[in-house]
Amino acid sequence: MTPYARRGVHGQTVEALARRILGGEIPEGTTLDLVALQSELDVSLTALRESLKVLAAKGMVDARQKRGTFVRARADWNLLDADVLRWQFEGDRTTETDRALLRNLAEVRAIIEPAAVRLAAERRTDADLAALESAVDAMRDQGTDPAHAVEADLAFHRALLAATHNELLQRMEMVIEPGLAHRDRIVHSHPHPEDPVPAHRAVLDAVRDQDPQAAEAAMRALLDQAGRDLDRIEGPDDPKGGK
């Protein structure tokens, strides 16, 4: 999916507004001053309104007579929308909301990926194995470039979901990838992360052997390692909100 920022003035306006809302700069419940925003963003009123229609479709804003256009409560936002997830994690900041969303995504992964890998072990084709092998090779050969490490990891998990041959599970990559990419960027920007290759290789070997039980165990071990990586960098959470 092409980021909105690459889609001209309209796309840049969508992303600028989305990031302000997600970052709390424009709080929930705020009624937007469209004239002020038009001037500040240096866009036409038509472009601004079209951008707000995009955010309305994602549950982030709404318009009512006598009230105008306002930011909806976070509970109304479509947090599973691929753009909303990506906007949440982009940028240099890491807020408590970001950390909470990372924890939520870790729990979602713990539900989806062990079950997905069982199906992958039962249904994988030679092409699936080749894609997984290629991703593991790229992970091993990525050197010190964090961007390559991130892309190799995303390619592996994308190939794993594809190997389930379940089109709904395959679409879960839109939910998993933004958070996984953000987690990877954090981990690989710090020195001495755990070597990811052995854990991913164990998953690949179990899928190749068509052993669903071993594949699930290997995936759970991989997810445990992912949790340790973040704990090492950020420290464990407090007892009330632990990972």
Side-chain angles (χ1 to χ4, degrees), residues 1-105 108-109 145-148 150-151 153-155 157-158 161 167-168 170-186 188-189:
M1 179 179 295
T2 303
Y4 274 91
R6 299 180 189 172
R7 303 179 192 176
V9 172
H10 166 66
Q12 292 168 16
T13 304
V14 170
E15 295 218 339
L17 290 170
R19 290 196 183 98
R20 291 186 185 190
I21 294 171
L22 288 162
E25 184 180 341
I26 305 178
E28 300 169 41
T30 299
T31 297
L32 302 177
D33 184 336
L34 300 192
V35 175
L37 280 174
Q38 177 191 359
S39 175
E40 185 180 347
L41 297 173
D42 192 23
V43 296
S44 69
L45 189 58
T46 298
L48 180 59
R49 291 189 185 280
E50 289 301 313
S51 298
L52 289 170
K53 286 181 182 179
V54 173
L55 298 183
K58 297 177 185 299
M60 296 176 68
V61 302
D62 199 359
R64 301 280 175 85
Q65 285 188 347
K66 299 184 180 180
R67 180 174 178 181
T69 302
F70 61 95
V71 178
R72 299 178 67 181
R74 183 179 175 86
D76 296 325
W77 302 350
N78 185 0
L79 293 177
L80 293 182
D81 180 272
D83 288 318
V84 176
L85 281 167
R86 179 174 57 80
W87 291 330
Q88 181 74 67
F89 288 124
E90 280 184 342
D92 296 329
R93 59 174 176 72
T94 302
T95 67
E96 185 51 42
T97 299
D98 296 335
R99 295 186 185 97
L101 192 55
L102 271 179
R103 292 192 293 270
N104 290 342
L105 279 168
V108 170
R109 290 183 65 197
D145 188 338
H148 288 170
V150 171
E151 183 49 45
D153 194 29
L154 294 179
H157 291 275
R158 196 180 301 128
L161 290 174
E167 64 180 3
L168 297 182
Q170 290 174 37
R171 299 302 289 170
M172 289 305 296
E173 73 177 73
M174 298 178 67
V175 175
I176 291 173
E177 280 201 11
L180 178 58
H182 185 65
R183 187 213 75 92
D184 285 351
R185 285 193 294 269
I186 293 172
H188 291 288
S189 66

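- Looking at every heavy atom in both residues, His182 comes nearest to Leu102 through CD2-CD1, 3.8 Å.
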Val9/Thr13 under side chain to side chain contact (heavy atoms under 4.5 Å, CB included): CA gap, chis, key distance, verdict: CA-CA 6 Å; Val9 172; Thr13 304; 4.1 Å; yes
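- Side-chain atoms of Leu161 and Glu177, non-hydrogen and from C-beta on, never get closer than 4.5 Å to each other.
- With a 4.5 Å cut-off on side-chain heavy atoms, Asp184 and Leu180 count as touching.
- Here the side chains of His10 and Val54 are in contact, with some heavy-atom distance below 4.5 Å.
- At least one side-chain heavy atom of Leu17 sits under 4.5 Å from a side-chain heavy atom of Leu41.
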Derivation of the side chain to side chain contact (heavy atoms under 4.5 Å, CB included) call for Val175 and Leu105: CA-CA 8 Å; Val175 175; Leu105 279 168; 4.0 Å; yes
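- Listed here is the closest heavy atom pair of Pro178 and Arg86: CB-N, 4.0 Å.
- Within a 6.0 Å sphere centred on CZ of Arg171, other residues, nucleotides and ligands contribute 12 heavy atoms or fewer.
- From Asp153, atom CG reaches atom CZ of Arg158 across 10.0 Å, with rounding to the nearest 0.5 Å.
- The shortest heavy-atom contact between Ser44 and Ala47 is OG-N, 3.0 Å.
- Arg49 CZ: 12 or fewer foreign heavy atoms inside a 6.0 Å radius.
- When side chains are defined from C-beta on, Arg74 counts as touching Leu79, because their heavy atoms get closer than 4.5 Å.
- Residues Leu52 and Leu32 have side chains in contact (heavy-atom distance under 4.5 Å, counting atoms from C-beta outward).
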Derivation of the side chain to side chain contact (heavy atoms under 4.5 Å, CB included) call for Leu37 and Glu40: CA-CA 5 Å; Leu37 280 174; Glu40 185 180 347; 4.3 Å; yes
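- The CG atom of Asp76 sits 11.5 Å away from atom CE of Met60, with the distance rounded to the nearest 0.5 Å.
- Taking CG from Asp81 and NZ from Lys58, the interatomic distance works out to 3.5 Å, rounded to the nearest 0.5 Å.
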Side chain to side chain contact (heavy atoms under 4.5 Å, CB included) assessment of Leu22 paired with Val84: CA-CA 8 Å; Leu22 288 162; Val84 176; 4.3 Å; yes
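- No side-chain heavy atom of Trp87 sits less than 4.5 Å from a side-chain heavy atom of Ile21.
- When all heavy atoms of Leu48 and Gln38 are compared, the closest pair comes out as CD2-N, 3.9 Å.
- Closest of all the heavy-atom pairs between Arg185 and Phe89 is NH2-O, 3.9 Å.
- Contact annotation: the side chain of Val14 approaches that of Leu55 to within less than 4.5 Å [non-hydrogen atoms, C-beta and beyond].
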